[in-house]
Amino acid sequence: MAEQGDIWGRKRGYAGTWPPRAAAPIGGLAPSRPAFWPPLIETLRAWVRAEAGAGRLLPWVPVAFGTGIAFYFAADHEPVLSVAAVLAIALGAVAVLLRRHKFFPVAVMIAAAAAGFAVATWKTARISHGVLARPMFSVALTGFVETRDIRERTDRFVLRVVTMESARGTTKLERVRLSVKKGTAPAVGSFVELKARLLPPLTPVRPGSYDFSRDMFFAGIGASGFVMGAIKAKAPPEGGGWRLGYSAVMQGLRDAIDTRIGTTLEGDKRAIATALLTGRRDAISPPVNDAMFVSGLGHVLSISGYHMAVVAGVVFFAVRAVLALFPALTAGYAIKKWSAVAALVAAAFYLLLSGAEVATQRSFFMTAVVLIAVMVDRRAITFRTLAVAALIVLTAAPEALVHPSFQMSFAATLGLVALVQIGMPRLFATVDHTATARAALWGGRELTMLLLASLVAGLATMPYAAFHFHRITPYGVLANLAAMPVVSAVVMPAGLLGLAAMPFGFDRLFWAIMGIGIDWMIFVTQWVAAVPGAVGRVPAFGIGPLIAASFGIILLGLLRTPLRWSGAALVLAAALWAARTPQPDILISADGRHVGVRGGDGRLHLMHAVKGSRDSFLLKQWLAADADGRAAADASLTEGVSCDDLGCVMQSAGGGLVAQAYKPEALADDCERAALIVTLRPAPASCAASVIDADRLRRQGAMALRRGPEGFVVEAARPRGIDRPWSPAAADEGEADASVLAPRIVPPRAVDATPAEADLQADE
């Protein structure tokens, strides 16, 4: 039967037969063709056409938009805003002109990527501010207190600087973040005078690790530090503005809520209750905080989609139930829409109360879209809802793309939306007369949904937890099954009722009920965290596997045809890629005071410049990235390391000595015997060893070294040629910062790889 088409062997618009008669040879026999490939190609084309159907491309627009933002953050130096903007506008115009052409979807995706790049460039240019390059001591500051964090051991606040005086340095900073003794942080909105020691924003503790300086830059903070002496309140020279007034009101409300909770709860119960209602979670003790994340319940502490859904859901059904008590309203008015309006107002208030972090913004925008869909009688939970929320968040805060909160939040939500739209209808399609239907009557359906939701969300966020935190949660489903029903049915509703009862003075009962649920949650987290194998440690890997896994998750979530399983293949390939990532042989901190050397046992061992002084945060990050379960204070970290007053030395796993020279007197001997020297002192020009000195560390930050055939391959946190506003290049960046340190010329007397006993004797 002849038909029109563009199948292989036919011309579009012409009728034909299969196989084409014109292809028959003189002998009357058609040439043999593979029977496998044409049907496969036609099947693939049909799948692609189905995926590109009407309304199916909108969820891909934020993917392209985010890809453009990712390219912005991957740039070596700051792009030119005018060029990026003109290109984005031009590509957008081209997409509009091609709207009736078959290349329109491709043009839209390219234009969306260009728009993401331009938006990120514009955001950086709009908030551009000074960033401290070197430490400054005894800096006199005056300014307004914008935010305040109550932490377990110390307090911290952000100061909007009005005046800044220092004996050295002329850097003008707009905001600084300062730490003070617990209970001494000034009130939000106050104008204060103080002296502080300021430090540059924290750079990555190892190459490829998280860049905290980037977060501080987009928060408008140019330095961190601590207060020296007393903080004096002063009369402000001018008003602080409406934003400061708003911040003061919201902070006062958060403090009042925490105080009222404190009348009934204390310790971690109080801290968790405050975190769930106000977003302030720094007061939770480290053991409980670690147990929460090890068990897979850490997401409860970050106000995101779950919390927003509970708040909106409780308000929606409560208002609707109250309105339903009046038959006149039920019969004559759309009380469902009224309830949606009330839920939207409650969600907006919760957003402001919790501090409006990225995950909370995403969840609010998505909740708002869902509630607005209810108001206009449209389907609520769809991929379009997620796409709109993603576009809003990325447009307002493009820097959120590289934050783990955004990545984990959207990955989990994508998986849950796919589960609701695809998995649930198929799972419960035939539950009218089967055993599954009878189980559903007893809560089996709800239990199955919770189990699947926990499993899907856990799997979707696993690549990001492994990349950023170097761990996965093998028993996360178990912890969520045990704790989340109590959190949903007891903890959050009691907290909302406590907020509603606060103005009337009847809130203590609800805090007590909330505490009972939190007790159960803490019990579950500690029980699961204590199960053997609960801590799934993952060695650090590069950004490549994470990108591959991200696109695999997107394909699994957004595609409808069997093409979606290409996403599973991509995720598997990403896992294998990550598993093959080699670990560094030597790690050097940005200040040169800590050096980690991989010993013969395959583990890192520590050399540090000051006896008894360890940077616990840095060591914790190093050990986590190495999938090492030891604590920062573990004595085994210094096994095999020999130190004296002049420096330290250790035999590395690959052969040769690694030395850390504290004083110039140590360099003469180290230059002859060591393969690598880390020192803050100038090394002699005749030194035979490879040297990492203070100047190079200042230019390039923390370093990771791996042994290669030509010497040590150097990976720096700030590679040569990188110059971004949050990580400016050093003014004296030179050609000498080679990426490979050639091996030293070994004197004949040092050929023996076993050092003399006197060289390794420690005087500790």
Side-chain angles (χ1 to χ4, degrees), residues 74 76-77 202-211 213 539-544 580-599 604-609 618 621-622 625-626 647-661 667 670-671 673-685 687-724 727-746:
D76 290 342
H77 60 83
L202 181 63
T203 57
V205 297
R206 65 190 299 277
S209 67
Y210 194 74
D211 192 348
S213 63
F541 53 89
I543 191 67
R580 293 178 60 86
T581 302
Q583 296 306 304
D585 297 307
I586 298 171
L587 287 172
I588 306 172
S589 64
D591 59 6
R593 297 182 179 276
H594 292 75
V595 180
V597 181
R598 196 169 303 280
L604 288 176
H605 296 267
L606 176 67
M607 299 190 292
H608 54 103
L618 178 140
Q621 297 297 313
W622 279 7
D626 212 51
C648 291
V649 65
M650 179 181 173
Q651 186 80 39
S652 64
L657 294 176
V658 178
Q660 185 183 28
L667 290 172
D670 290 342
C671 282
R673 296 183 177 276
L676 175 72
I677 299 174
V678 179
T679 180
L680 301 181
R681 307 289 182 178
C687 188
S690 300
V691 178
I692 300 292
D693 58 15
D695 287 339
R696 179 160 186 173
L697 290 169
R698 177 177 54 81
R699 289 191 297 267
Q700 296 196 307
M703 295 184 181
L705 281 65
R706 296 182 179 88
R707 289 187 178 274
E710 299 180 358
F712 288 107
V713 179
V714 181
E715 183 182 0
R718 293 199 302 265
R720 183 175 171 273
I722 300 298
D723 186 13
R724 302 309 298 269
S727 182
D732 57 346
E733 186 178 53
E735 298 289 341
D737 295 335
S739 59
V740 177
L741 292 177
R744 69 186 179 96
I745 301 174
V746 182

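Residue numbers run from 1 in the order of the sequence given.
Among residues two or more places apart in sequence or in another chain, the side-chain contact (heavy atoms from CB on, under 4.5 Å) test is passed with Pro539 by Gln583, Ala627. Residues passing the salt bridge (charged side-chain N to carboxylate O under 4.0 Å, His left out) test with Arg681: none are found, sequence neighbours excluded. Residues passing the side-chain contact (heavy atoms from CB on, under 4.5 Å) test with Ser589, sequence neighbours excluded: Asp591, His594, Leu618, Trp622.
Closest non-hydrogen pair, Ala683 versus Leu667, comes out as CA-CD1, 4.0 Å. Looking at every heavy atom in both residues, Asp211 comes nearest to Pro204 through OD1-CD, 3.7 Å. Here the shortest heavy-atom pairing between Arg718 and Thr203 reads NH1-CG2, 3.5 Å. For the residue pair Cys671 and Pro684, the shortest heavy atom distance occurs at SG-CG, 4.1 Å. For the pair Leu705 and Ile588, the tightest heavy-atom approach, listed with the atom from each and the gap, is CD1-CD1, 4.1 Å. Minimum heavy-atom separation, Ser652 to Arg707: OG-NH2, 2.8 Å.
Note that the CZ atom of Arg699 and the CG atom of Asp693 stand 7.0 Å from one another [nearest 0.5 Å]. One finds the OG atom of Ser727 at 8.0 Å from the CD1 atom of Ile722 (value rounded to the nearest 0.5 Å). Here Ile586 contributes atom CD1 and Arg706 contributes atom CZ; the two are 11.5 Å apart, rounded to the nearest 0.5 Å. Rounding to the nearest 0.5 Å places CZ of Arg724 at 9.0 Å from NE2 of His77. With rounding to the nearest 0.5 Å, the separation of CD1 in Ile692 from CD1 in Ile677 is 11.0 Å.
The side-chain heavy atoms of Val678 and Met607, taken from C-beta on, include no pair separated by under 4.5 Å. Taking the side chain as every heavy atom from C-beta outward, Thr679 and Gln660 never approach each other to under 4.5 Å. Proximity of Arg206 to Gln621: side-chain heavy atoms (C-beta onward) are nowhere separated by under 4.5 Å. With a 4.5 Å cut-off on side-chain heavy atoms, Gln700 and Arg720 count as touching. Between Met650 and Val595, the closest side-chain pair of non-hydrogen atoms is not below 4.5 Å.
Checked by atom type and distance alone, the side chain of Arg598 pairs as donor or acceptor with a backbone atom of Pro584 at under 3.5 Å. Asp76 places no side-chain N or O within 3.5 Å of a backbone atom of Gly721 that could act as its donor or acceptor partner. Side-chain N or O atoms of Asp670 include none that pairs as donor or acceptor with a backbone N or O of Ala659 at under 3.5 Å.
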